[in-house]
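Structure, as structure tokens:
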Amino acid sequence: MTKLVAVMVMVVVVVLTGAAWGFNGPVVIKQAEDMLKKAEAKPNADTKPLIDESKKYLAEARAHHENAKTKRDHGDAVRKAKFALALAEEAVTLQTP
């Protein structure tokens, strides 16, 4: 009986995690957009390549999200949006004196 309860709990956790992940894409894309705007406010020679690469990954994330048909497509969109966010955050950090 204990094993059955444990299996049921695991199934519920997996189902809920998958449902939450499906709504995560637009949130991460929005975070990346906001951070990119902040990075573009004060570009310099060190941050310009990071900003350009962040824009590239953000565009790819949007495209993956809009054309997503499977969970893997959504996962690719989230991964690229997170990478764009990380690049934009690095640019903002380098802009700080």
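The figures that follow rest on heavy atoms only: side chains count, while hydrogens, waters and symmetry mates do not.
Residues L36 and L58 form a side-chain contact, since some pair of their non-hydrogen atoms from C-beta on lies under 4.5 Å apart. Counting heavy atoms from C-beta outward, E53 and F83 have side chains that approach closer than 4.5 Å.
Salt bridge present: E40 and K55 bring a charged side-chain N and a carboxylate O closer than 4.0 Å. One finds no salt bridge joining K56 and D52 here, because no Lys/Arg side-chain nitrogen approaches an Asp/Glu carboxylate oxygen to under 4.0 Å. A salt bridge links D34 with K30: the closest approach of a Lys/Arg side-chain nitrogen to an acidic carboxylate oxygen falls below 4.0 angstrom. Between E33 and R62 there is a salt bridge, with a side-chain nitrogen of the basic residue lying less than 4.0 Å from a carboxylate oxygen of the acidic one.
Note on L87 and L94: same hydrophobic cluster, where clusters join Ile, Leu, Val, Met, Phe, Trp and Tyr whose side-chain heavy atoms are under 4.5 Å apart, directly or indirectly.
The distance from the NZ atom of K48 to the CG atom of D46 is 13.5 Å, given to the nearest 0.5 Å. The structure places CD of Q95 at 6.0 Å from NZ of K42, a figure rounded to the nearest 0.5 Å.
No option in I29, D73, D76 other than I29 meets the side chain to side chain contact (heavy atoms under 4.5 Å, CB included) test with H65.
Here E60 pairs with K80 under the salt bridge (charged side-chain N to carboxylate O under 4.0 Å, His left out) rule; sequence neighbours left out.
No side-chain donor-acceptor contact under 3.5 Å links T47 to the backbone of A91. Between the side chain of S54 and the backbone N or O of L50 there is no donor-acceptor pair closer than 3.5 Å.
The two atoms that bring A32 and A81 nearest to each other are CB-O, 3.7 Å, heavy atoms only.
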